[in-house]
Amino acid sequence: MAAFLTSNANISSFLSTLNPTISSFAAAQLTALLPSTVQLQDYACTEKQRPSVAHNYFEPETDLPVIDLASLRSINGSERDKSIKELVRAGKEWGFFRLVNHGLPLPLITGLENQMHKAFALPLEMKERAVSFPNAPWGYVCTARSASVHKPLWQEGITLPLDPHTRKEVVNKLWNDDKEQCKRELSAYINSVQRIARELLEALAVGIGIESEVLSKYLVSGNSSSMLRLNCYPPCPDPSSILGLGAHSDPDLLTILHQDDVGGLQIYRDDRWMGVRPQVGTFVVNIGDVLQILSNGIYTSCNHRVMLNRERPRKSIAFFVVPQPALTVSPLPQLVDTDHPQLYKTFIYSDYVASYRSHKLDGKSNIEKFRLQN
Ligand SMILES: O=C(O)CCC(=O)C(=O)O
Ligand SMILES: [Fe+2]
């Protein structure tokens, strides 16, 4: 079916004949994404990774553990302790949880989604103009077009730093009439989500008996390369063989994600893929590889992926807590003793990222390369 799709024009007309509900906007988006020489089959994933659970299938009885941030913030000691225990358990047993009562107003989230809609709808040339930060990830990238061993992926994204000055430069290039509003919305969102990340990392530290700032220090300027990533997954003509984002665990400490109502995020658990039901206004939080390593394996990162669909673009907003590249990462000495031998090597964080980037996305394979053979 896909063999004749050798040009963008072909793909566009193929899309509209295949399914009239795919809007011309979505088709144009997709056309803009693909290099002229691409074959649709180039995007197909391996048999092993082939999507088996539809983007909108959710197991009726199962959902992620729920963590209530209001309880974690409670001044009532026993309520807070109970909530920390639940958080620690979710971090150990799932590596994923849903965060409710986080206090971030819904209009702030939907406002940012509207800004994303405007930016992603721009012509590709305008979006690509925003990529002008040598040796830094900031700005727009059409992941579906860029050549890399991870690719091709059916996704485009805008990456924004915590530093307001650089962030403004990206916004000035990507947004037109409402730049100032966009800057305000981004700052408000980033400040709130940073605070949430700090609270979660402090509780995750206290919950395993270590000083509260040992993990949250990776949010502090000088130690941190944390970032906000706005993702868009365009509709796809063949969601049964193409993934939006292949199976991976995140190479960070913590990811705080908001997904829209489309559905598509799946986690690998108990030998199966499980859909994460969209619940607009709640966050989905996951433990990353670096937290697994710092905690000497107490917390565990979780393999996840993104499924596509034929009709609707999907948007997500991810905040990643990332160490500064030159920092040394090692299991925390407080967590290593004769009963708990060091499980992972000591390394410079940029080496972890380089290794991650030089291999195909393949579940949790990168962290295994940093395991000590005891
Ligand atoms: O878009 C999503 O739902 C997940 C994105 C993700 O896993 C990532 O960016 O690492
Ligand atoms: Fe991820």
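Order of appearance sets the numbers: ligands from 1, and atoms from 1 within every ligand.
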**Student:** Quick one: salt bridge (Lys or Arg N to Asp or Glu O under 4.0 Å) partners of Lys82, sequence neighbours excluded?
**Tutor:** Glu86

**Student:** Testing the basics here: between Val336 and Pro331, what is the closest heavy-atom pair and its distance to 0.1 Å?
**Tutor:**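 Looking at all heavy atoms of both residues, the shortest contact is CG2-CB, 4.1 Å.
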
**Student:** Check whether more than 12 heavy atoms from other residues, nucleotides or ligands sit under 6.0 Å from atom NZ of Lys85, and answer yes or no.
**Tutor:**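 Check fails, neighbour count at 12 or below.
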
**Student:** Do other residues, nucleotides or ligands put more than 12 heavy atoms under 6.0 Å from the CZ atom of Arg89?
**Tutor:**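 Open: at most 12 neighbouring heavy atoms sit under 6.0 Å from CZ of Arg89.
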
**Student:** Does any part of the side chain of Ser295, heavy atoms only, come nearer than 4.5 Å to the side chain of Ile208, both counted from C-beta?
**Tutor:**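 Heavy-atom side-chain distance check passes, below 4.5 Å.
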
**Student:** Should Asn303 and Ile267 count as side-chain neighbours, where that means a heavy-atom distance under 4.5 Å?
**Tutor:** no

**Student:** Can you name the residues that come within less than 4.0 Å of ligand 1, going by heavy atoms only?
**Tutor:**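 Ligand 1 pocket, heavy atoms under 4.0 Å: Asn231, Tyr233, Leu245, His248, Asp250, Leu257, Leu265, His304, Val306, Arg314, Ser316, Phe320.
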
**Student:** Give the total of protein N/O/S atoms at a distance below 2.8 Å from the Fe ion (ligand 2).
**Tutor:**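 Every protein N, O or S atom under 2.8 Å from the Fe ion (ligand 2) counted, the figure is 3.
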
**Student:** Do Arg269 and Glu93 meet the salt-bridge criterion of a basic N to acidic O distance under 4.0 Å?
**Tutor:** no

**Student:** Is the positively charged end of Arg305 above the ring of Trp273, judged by distance under 6.0 angstrom from the centroid and angle within 45° of the axis?
**Tutor:** yes

**Student:** Taking only residues two or more places apart in sequence or in another chain, which ones pass salt bridge (Lys or Arg N to Asp or Glu O under 4.0 Å) with Lys118?
**Tutor:** Asp178

